[in-house]
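So that the names make sense, note that chain A is the first sequence line, chain B the second, and so on, each numbered from 1.
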Protein chains: 2
Amino acid sequence: MCPSDDIGFFLKLINECIEKNANQALKPFDLTLSQARILFYLHDHQDATTSQKDLEEFFEVSHPTIIGILNRLEGKGFIHSEHCSKDKRVKSIFLTDKGGKVFYSMDHFRKNNEANMLQDLTDKQIKELKSLLKIVYKNIQ
Amino acid sequence: MCPSDDIGFFLKLINECIEKNANQALKPFDLTLSQARILFYLHDHQDATTSQKDLEEFFEVSHPTIIGILNRLEGKGFIHSEHCSKDKRVKSIFLTDKGGKVFYSMDHFRKNNEANMLQDLTDKQIKELKSLLKIVYKNIQ
DNA sequence: GCAGAATATGTAGCATGCTACAATTATACA
DNA sequence: TGTATAATTGTAGCATGCTACATATTCTGC
């Protein structure tokens with residue numbers, strides 16, 4: 001067993017390296033990668049209200065996981081939540097002013113992160129990589 | 001932001017899907033994927049003694065992470081550890097009989113897991129995928 | 001309308017990852 | 001030799017993932 005032979009293990013190494021780098025880069029914003037991804041989602045979906053359920057489904061994680069991340073974001077003042085008046089089971093999640101501002105501060109991070117990861121790859125190679133990963137994902141789902 | 005556009009996020013989805021499937025499959029053996037990977041390593045390196053440091057470096061994780069996994073494995077009787085007589089700082093890790101037996105029970109898991117993930121991919125595509133992932137890993141390290 | 005099912009969120013406890021700090025042992029060099 | 005440094009392991013506390021169970025609200029079918 002060595003990293004390049006065991007693709008499952010190699011994917012884990014890559015994923016954790018991405019997380020470590022991103023968490024380091026996001027430290028000045030007092031955010032982790034998982035937390036930043038939630039802010040990105042909220043910013044990109046401001047036209048519609050967002051519930052915990054929406055986030056669970058988009059990020060493919062369990063609801064206790066989302067609750068934990070949202071609680072930390074709300075504690076730091078990046079988001080605000082309130083019970084939906086139409087359906088009291090549902091909690092609607094909003095970006096606060098602070099959350100909106102930090103989003104713009106992180107914009108360069110968001111754009112440069114993927115670019116750095118894909119440097120030295122041609123457009124054709126990137127397309128091929130996405131295509132192969134899609135097949136792998138389909139196989140394991 | 002959608003999974004196929006953000007390769008970083010997509011890699012996270014794939015990795016967590018692999019872990020969920022593996023942890024489910026390993027439940028009958030009372031093991032998690034991280035724990036099983038340690039047993040695989042110990043089995044493959046029985047000719048040499050293994051320290052915590054060796055495992056940290058191979059799996060590219062911090063030492064408290066390794067300590068936690070080893071403590072759970074030792075608590076369940078799959079491994080045994082003792083202080084090295086030559087260098088009392090070092091703890092040597094060994095597979096127990098129970099650990100050796102469960103390794104053979106899991107052998108089909110180990111072999112079929114990767115195969116399932118890579119079904120519908122030609123040898124050429126698998127080679128290409130490994131090659132692209134190596135470039136990505138090099139970019140982010 | 002009411003009982004039971006379904007849905008959304010909350011809580012408890014665990015595994016695996018981390019950093020920061022501590023303790024022990026070995027090494028290096030003045 | 002003796003002291004400072006390095007190396008290895010240990011501990012505390014946190015973030016993010018999970019399952020299992022609990023609670024509150026809505027929906028369904030009679």
Side-chain angles (χ1 to χ4, degrees), chain A residues 9 11-27 29-38 49-76 78 81-93, chain B residues 9 11-27 29-38 49-57 59-76 78-79 81-93:
Chain A
F9 180 45
L11 288 170
K12 174 176 184 281
L13 291 185
I14 292 172
N15 185 54
E16 296 201 335
C17 191
I18 290 172
E19 287 192 357
K20 283 176 204 169
N21 291 344
N23 285 332
Q24 197 63 33
L26 290 169
K27 226 173 216 174
F29 303 107
D30 193 24
L31 285 169
T32 65
L33 179 57
S34 294
Q35 291 167 10
R37 281 178 173 143
I38 302 279
T49 58
T50 299
S51 68
Q52 290 188 13
K53 190 78 185 166
D54 295 329
L55 296 171
E56 278 171 54
E57 287 173 357
F58 182 82
F59 290 102
E60 299 186 23
V61 293
S62 68
H63 77 269
T65 296
I66 283 294
I67 289 176
I69 297 172
L70 292 179
N71 283 345
R72 283 168 219 115
L73 281 171
E74 192 153 21
K76 291 188 279 196
F78 291 114
S81 65
E82 57 190 37
H83 280 285
C84 179
S85 54
K86 277 191 181 174
D87 185 338
K88 285 172 194 165
R89 289 173 303 185
V90 176
K91 257 179 136 178
S92 302
I93 322 286
Chain B
F9 180 44
L11 288 170
K12 174 177 184 281
L13 290 185
I14 291 172
N15 185 55
E16 296 202 334
C17 193
I18 290 171
E19 289 194 356
K20 282 176 205 169
N21 291 345
N23 286 332
Q24 198 62 34
L26 291 169
K27 227 174 216 171
F29 304 106
D30 192 24
L31 285 169
T32 66
L33 179 56
S34 294
Q35 292 167 10
R37 282 181 173 141
I38 302 278
T49 58
T50 298
S51 68
Q52 288 187 14
K53 188 78 184 168
D54 295 330
L55 296 171
E56 278 169 56
E57 286 172 358
F59 290 104
E60 298 186 22
V61 294
S62 69
H63 77 270
T65 297
I66 283 292
I67 290 176
I69 297 172
L70 293 179
N71 283 344
R72 284 170 217 113
L73 281 171
E74 190 152 23
K76 289 188 283 196
F78 291 114
I79 62 167
S81 65
E82 59 191 33
H83 281 285
C84 179
S85 53
K86 280 193 182 173
D87 184 338
K88 285 173 192 163
R89 290 172 303 185
V90 176
K91 258 180 135 176
S92 301
I93 322 287

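The nearest heavy atom of DNA chain D to H63(B) and to L33(A) marks one nucleotide each, and the one closer to the 5' end goes with H63(B). Projected onto DNA chain C by closest heavy-atom contact, R72(B) and D54(A) fall at different nucleotides, the more 5' of which corresponds to D54(A). When the nearest nucleotides of DNA chain C are assigned to H83(A) and K27(A) by heavy-atom distance, the more 5′-ward of the two goes with H83(A).
The interatomic distance linking K86(A) (NZ) with dA8(C) (P) rounds to 15 Å, in whole Å. What separates NZ of K53(A) from P of dT7(C) is a distance of 8 Å, to the nearest Å.
Residue contacts for T65(A): at a heavy-atom cut-off of 4.0 Å it reaches a base atom on one of the strands shown. Using a 4.0 Å heavy-atom criterion, one finds that E19(A) contacts no nucleic acid atom at all. Among the atoms of the strands shown, only primed sugar atoms or phosphate atoms (P, OP1, OP2) are found under 4.0 Å from some heavy atom of S34(A).
Under the side-chain contact (heavy atoms from CB on, under 4.5 Å) criterion, N71(A) pairs with I67(A), not counting sequence neighbours. Qualifying salt bridge (Lys or Arg N to Asp or Glu O under 4.0 Å) partners for E16(A), counting only residues two or more places apart in sequence or in other chains: K12(A). Listed by chain and number, the residues in a side-chain contact (heavy atoms from CB on, under 4.5 Å) with Q24(B) are K27(B) (sequence neighbours excluded). Take Q35(A) and apply the side-chain hydrogen bond (donor to acceptor under 3.5 Å, both in side chains) test, not counting sequence neighbours, and it matches K76(A). Applying the side-chain hydrogen bond (donor to acceptor under 3.5 Å, both in side chains) test to D30(A) and every residue at least two apart in sequence or in another chain returns nothing. In terms of the side-chain contact (heavy atoms from CB on, under 4.5 Å) criterion, residue partners of K53(A) (sequence neighbours excluded) are, by chain and number, S51(A), E56(A), E57(A). Residues passing the side-chain hydrogen bond (donor to acceptor under 3.5 Å, both in side chains) test with S34(A), sequence neighbours excluded: none.
When all heavy atoms are compared, the tightest approach of I66(B) to V61(B) is CG1-CG2, 3.5 Å.
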Using a cut-off of under 3.5 Å, enumerate the N/O to N/O pairs linking the protein to nucleotides 2-6 of chain C.
none

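A donor-acceptor pair is defined here as one N or O able to donate and one able to accept, closer than 3.5 Å; no such pair exists between the side chain of E60(B) and the backbone of L13(A).
Of all nucleotides in DNA chain D having an atom under 4.0 Å from a heavy atom of chain B, the first and last in 5' to 3' order are dA6(D) to dC18(D).
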